[in-house]
Enquirer: 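Below you will find the structure I want to go over with you.
None of the values given here were measured: they were computed from a predicted structure. Keep in mind that the numbers below use all heavy atoms, side chains included, and drop hydrogens, waters and symmetry copies.
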Amino acid sequence: MSHKYWVAGMLPMAVFAHAETTTPSIDDTMVVTASRFEQPVENVVAPISVVTRAEIEQSQAKTLTEVLRRLPGVEIGSNGGIGQNSSLFLRGTNSNHSLVLVDGVRMNNSMTAGININRFPLNQVERIELIRGSGVAMYGSDAIGGVLNIITRSAPGSEDKSVVVGTGSNAYREGNFSVNSNVSENGHLKVAGGFQETDGFNVQPKPGLNDGDKHGFNGNQLMLNYEHAIAEGWVGFASIRWFNNTAEYNRENFADSTYHIAASESESTSYTAKLEYDKNRYQSFLVFNYQDDQAVESVRYQVAPLSRISIEQTNIQWSNLYQINDYVGLQAGLDWRSEKMGDETLGYTDILAGQRRNNAGGYLGATGQFGSVTLLSNVRYDKHDSYDEYTTWSVGSIYQLNNTYQFKASIGSAFKAPTFVEFARSPELEPEESRNVEVGFIAEYEPVTLSVAAYDSEIDNLIVYYVESNDPFNVDARIRGVEFEALFDTGPLAHTFIAEFKDPKDSNGSQLPRRSKTNFKWTGEMSIDDVDLSLSYIYSGKRPDRSTINNAAAFLDAYSLWDFAATYWFNDELAVRGRIDNLLDEDYETAGGYPAPERAYYVSMDYRF
């Protein structure tokens, strides 16, 4: 039996894997998202959660949202099950307030609403890093709630191959493979691909109108990563990622008030090239990325599509880190991003056809360690072609009182410009701006590790949609909250307990939609001989479905969700896994009118060679 960790609020979250190892300390965990360069997690001032590939496999999650919903500060709103539209609410901020990166490269686009994380192929994920709070100024726009970095790059020198096949409820089927191999003395190759299908269920039932309808999902994906040690201190990395998804949903024909099955097909292709230098006290990297995203909405009874969106995005990053001495370091970088809407755009975005947005930014940061105190600061300047210029900043400190107690504090700002779609509907919209203050406390007792974080976020010009209108509005908002985490063992059972309390309100006194004031999460993990067991619990309090001007919104009921997973290892190469989602068959919704999946069963076989 062994302990593996993901870091939650800079603390380890224990899960078990089928290997005999010793328990690593928190100091062994290295992260890259906070500074763009690898650093120990205890040197990161912002609360950060890390989930490894082994832990994703242990949880048997089928989607990225299933992984994220167990992390502190995270709430998920979903229009159904696997592959359906889902939203990530981080610490009560809007669903588009989390900057999403893949291998450090921005995925959010400013044309529409960004990306649907529920459709990102989990098979491509090697590690996940999630920073909570707006204390990361170096990334610029969109990071009001935090930063999610999906890492597909594997460790150099790793040699492993795996094949996974599985089936489950609602005619669920999956088949995935992954190969990590050294192809030469200096070259490392990773290839991953597969498919995921389900017939689904009726995600938006209309009794008497669409009885018997099912809304399924089909996803296919392929990824190729190559890393090469060019010379001493020089490393080159190249990646091609592709995935194609089709998700069915319910759509009303307003002409005769009938309902039909519609389909949303999306295809994403991304090309990345990265050159890294690391020698003596200086580290630097240059990244070029090009993304081509296509989305088509169609209805079965119509020949012509309802809408077509095409977005091209180009990102260039140059980042540098210089360690002056053992105590003081400087970092600086430049970013440039260009986004273009396709000329053949059709539907509600047709007025945006051919339009382009550019953003250029630069950042400067410093870190200093003075005895038991570490000080960090960042400032960033952005030149946006539609919304003028913005300067964001963050400062923080870490005080290591002794081996048991650590204190952290930070203050920072962030901004987000309206999307092209929002601006087209409401030209008077102002960019959103936020200020975030946070204090944290970590205590490593025996046998309990405890962390507490309190935050206060003020957001000016928050963009909201009220029930009374389909157009976006600017309002102000304030979100105050406290997060508790405790990790402890009782015999062979490892526990992770999370409690979250927050007050997310806009200036009209309305509780922000689909965000509750209270959340509790618990995970218990145990390994007995060749069997790994996992049981998790999530409680979410009642929350409004949508905001109203008079604060009279309909509320979604609170719910409690249990999930169970078990793995049996025949040997070190072959494992059979089983999972039960929604163990007690809870009837609940995270979005009004869209029932969450009922109890579901999954089995899979994992062969490694």
Enquirer: Using every non-hydrogen atom in the two residues, find where Phe497 and Ala499 come nearest and quote the distance to one decimal.
Expert: CE2-CB, 3.9 Å
Enquirer: Could you tell me whether the side chains of Asn94 and Arg515 share a donor-acceptor contact shorter than 3.5 Å?
Expert: yes
Enquirer: Supply the atom-to-atom distance Asp530 CG to Phe570 CZ, rounded to the nearest 0.5 angstrom.
Expert: 10.0 Å
Enquirer: Could you tell me whether a side-chain N or O of Arg579 sits under 3.5 Å from a main-chain N or O of Gln60, the two making a donor and an acceptor?
Expert: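 At least one qualifying donor-acceptor pair exists.
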Enquirer: Under 3.5 Å, is there a donor-acceptor pair between the Asn118 and Thr65 side chains?
Expert: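 Their side chains do contain a donor-acceptor pair, which is all the 3.5 Å distance test asks for.
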Enquirer: If we only count heavy atoms from C-beta on, is the Ile150 to Leu64 side-chain gap below 4.5 Å?
Expert: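 Yes; the side chains approach each other to less than 4.5 Å.
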Enquirer: Would you say the rings of Tyr537 and Trp562 are close, in the sense that their centroids are separated by under 6.0 Å?
Expert: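 Yes - the distance between ring centres of Trp562 and Tyr537 falls below the 6.0 Å cut-off.
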Enquirer: Going by heavy atoms in the side chains, are Arg251 and Gln204 under 4.5 Å from each other?
Expert: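 They are not in contact (no side-chain heavy atoms under 4.5 Å apart), so the answer is no.
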Enquirer: For the pair Arg173 (side chain) and Thr167 (backbone), establish whether a donor and an acceptor sit closer than 3.5 Å, ignoring hydrogens and angles.
Expert: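 No.
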Enquirer: Decide yes or no on side chain to side chain donor-acceptor pair (under 3.5 Å) for Arg577 and Thr567, but give the supporting numbers first.
Expert: CA-CA 4 Å; Arg577 306 182 188 273; Thr567 300; 3.1 Å; yes
Enquirer: Between Arg70 and Glu55, is there a side-chain N and carboxylate O pair less than 4.0 Å apart?
Expert: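 So Arg70 does not pair with Glu55 through a salt bridge.
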Enquirer: Got a salt bridge between Asp142 and Arg106, using NZ or NE/NH1/NH2 to carboxylate O under 4.0 Å?
Expert: yes
Enquirer: For the side chain of Asn180 and the backbone of Ala155, is there at least one donor-acceptor N/O pair under 3.5 Å apart?
Expert: no
Enquirer: With no hydrogens and no angle check, is any side-chain donor or acceptor of Asp199 less than 3.5 Å from a backbone partner on Ala171?
Expert: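 Checking the backbone N and O of Ala171 against the side chain of Asp199, no donor-acceptor pair under 3.5 Å is found.
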Enquirer: Return yes if some donor-acceptor pair links the side-chain N/O of Thr198 with the main-chain N/O of Asn170 below 3.5 Å, else return no.
Expert: yes
Enquirer: Any side-chain heavy atom of Ile56 within less than 4.5 Å of one from Val51?
Expert: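 Yes - at least one pair of side-chain heavy atoms lies under 4.5 Å apart.
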Enquirer: Is it true that atom CG of Asp587 has more than 12 heavy atoms of other residues, nucleotides or ligands lying nearer than 6.0 Å?
Expert: no
Enquirer: Take Asn149 and Val31, measure what side chain to side chain contact (heavy atoms under 4.5 Å, CB included) needs, and give me the verdict at the end.
Expert: CA-CA 10 Å; Asn149 193 4; Val31 295; over 6 Å; no
Enquirer: Going through the checks in order, is the side chain to side chain contact (heavy atoms under 4.5 Å, CB included) test met by Asn79 and Tyr249?
Expert: CA-CA 9 Å; Asn79 293 358; Tyr249 63 96; over 6 Å; no
Enquirer: Please name the residue in the list Glu438, Glu75, Glu500, His97 that meets the side chain to side chain donor-acceptor pair (under 3.5 Å) test with Arg91.
Expert: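 Of the listed options, the one satisfying the test is Glu438.
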Enquirer: Answer whether the closest heavy-atom distance between the side chains of Phe195 and Asn218 falls below 4.5 Å.
Expert: no
Enquirer: What closest approach, in Å, do Gly80 and Val203 show between heavy atoms, and which atom pair accounts for it?
Expert: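 Closest heavy-atom pair between Gly80 and Val203: CA-CG1, 4.0 Å.
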Enquirer: Counting only heavy atoms not in Lys161, do more than 12 sit closer than 6.0 Å to its NZ atom?
Expert: yes
Enquirer: Indicate yes or no for a side-chain donor-acceptor contact from Arg599 to the backbone of Leu583 under 3.5 Å, with no hydrogens or angles considered.
Expert: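 A pair under 3.5 Å: yes.
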Enquirer: A quick test of your reading: do over 12 heavy atoms of other residues, nucleotides or ligands sit less than 6.0 Å from CD of Glu573?
Expert: yes
Enquirer: Is there a donor-acceptor contact under 3.5 Å linking the side chains of Ser534 and Glu525?
Expert: yes
Enquirer: Which heavy atom of Val45 sits nearest to which heavy atom of Ala409, and what is that distance?
Expert: CG2-O, 3.5 Å
Enquirer: Treating Glu248 as the side-chain partner and Gly216 as the backbone partner, does any N or O pair qualify as donor plus acceptor under 3.5 Å?
Expert: yes
Enquirer: Lys521 side chain to Leu71 main-chain N or O, any donor-acceptor pair under 3.5 Å?
Expert: yes
Enquirer: Which atom names give the shortest non-hydrogen contact between Ser604 and Val164, and what distance separates them?
Expert: CB-CG1, 4.3 Å
Enquirer: Is there side-chain contact between Pro544 and Arg514, with heavy atoms separated by less than 4.5 Å?
Expert: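 With C-beta onward as the side chain, the pair stays apart.
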Enquirer: So do the side chains of Ile76 and Thr590 get within less than 4.5 Å of each other, counting heavy atoms only?
Expert: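 No - every pair of side-chain heavy atoms lies 4.5 Å or more apart.
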Enquirer: Would Phe488 and His495 count as a ring pair (Phe, Tyr, Trp, His ring centres under 6.0 Å) here? Give the steps.
Expert: CA-CA 5 Å; Phe488 57 95; His495 304 262; 4.7 Å; yes
Enquirer: Can you confirm whether or not the ring centre of Tyr445 sits under 6.0 Å from the ring centre of Tyr405?
Expert: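 They qualify: ring centres under 6.0 Å apart.
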Enquirer: Please round to the nearest 0.5 Å and tell me the distance separating atom CG of Asn250 and atom CG of Asp213.
Expert: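 Taking CG in Asn250 and CG in Asp213, the distance rounds to 6.5 Å.
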Enquirer: Would you please test Leu68 and Leu148 for side chain to side chain contact (heavy atoms under 4.5 Å, CB included) and show each step?
Expert: CA-CA 10 Å; Leu68 296 175; Leu148 170 65; 3.9 Å; yes
Enquirer: Is it the case that Ser78 and Tyr594 place a side-chain donor and acceptor less than 3.5 Å from each other?
Expert: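 No.
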Enquirer: Which residue in the set Val32, Ile128, Val102, Leu101 passes side-chain contact (heavy atoms from CB on, under 4.5 Å) when paired with Ile151?
Expert: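 For Ile151, the side-chain contact (heavy atoms from CB on, under 4.5 Å) test succeeds with only one of Val32, Ile128, Val102, Leu101, which is Val32.
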Enquirer: Around atom CG of Asp211, are there more than 12 heavy atoms of other residues, nucleotides or ligands at under 6.0 Å?
Expert: yes
Enquirer: Look up atom OG in Ser516 and atom CZ in Phe555, then write down how far apart they are to the nearest 0.5 Å.
Expert: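 CZ of Phe555 is found 11.0 Å from OG of Ser516.
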Enquirer: Does the side chain to side chain contact (heavy atoms under 4.5 Å, CB included) test come out yes or no for Lys62 and Leu122, once each step is laid out?
Expert: CA-CA 7 Å; Lys62 303 303 179 186; Leu122 201 55; over 6 Å; no
Enquirer: Does any non-hydrogen side-chain atom of Tyr588 lie less than 4.5 Å from one of Leu556?
Expert: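 They are not in side-chain contact.
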Enquirer: Between Tyr399 and Phe407, how do the two ring planes meet: parallel, tilted or perpendicular, split at 30° and 60°?
Expert: parallel
Enquirer: Do the side chains of His215 and Ile261 get nearer than 4.5 Å, heavy atoms only?
Expert: yes
Enquirer: Quick one: CZ on Phe120 to OG1 on Thr152, what's the gap to the nearest 0.5 Å?
Expert: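 So the gap between those two atoms works out to 7.0 Å.
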Enquirer: I need the minimum non-hydrogen distance between Gly193 and Asn123, along with the two atoms involved.
Expert: O-ND2, 3.1 Å
Enquirer: Does Ser169 reach the main-chain N or O of Tyr601 with its side chain, forming a donor-acceptor pair under 3.5 Å?
Expert: yes
Enquirer: When you check the side-chain N and O atoms of Gln400 and Gln406, is any donor under 3.5 Å from an acceptor?
Expert: yes
Enquirer: Would the number of heavy atoms belonging to other residues, nucleotides or ligands and lying under 6.0 Å from NZ of Lys502 be above 12?
Expert: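 Counting other residues, nucleotides and ligands, NZ of Lys502 exceeds 12 neighbours.
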Enquirer: So how far is it from Asn96 CG to Glu432 CD, rounded to the nearest 0.5 Å?
Expert: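 Those atoms lie 6.5 Å apart.
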Enquirer: Can you check whether Thr33's main-chain N or O pairs, donor with acceptor, with Glu129's side chain at less than 3.5 Å?
Expert: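 It does hold such a pair.
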Enquirer: Step by step, would you call Arg53 with Asp160 a salt bridge (Lys or Arg N to Asp or Glu O under 4.0 Å)?
Expert: CA-CA 12 Å; Arg53 180 72 218 168; Asp160 59 79; over 6 Å; no
Enquirer: Which value, rounded to the nearest 0.5 Å, describes the distance between Glu197 atom CD and Tyr172 atom OH?
Expert: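 Nearest 0.5 Å value for the CD-OH distance: 10.0 Å.
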Enquirer: Tell me the closest heavy-atom pair linking Ser49 and Arg132, and the distance in Å.
Expert: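 So the two residues come closest at OG-NH1, 3.2 Å.
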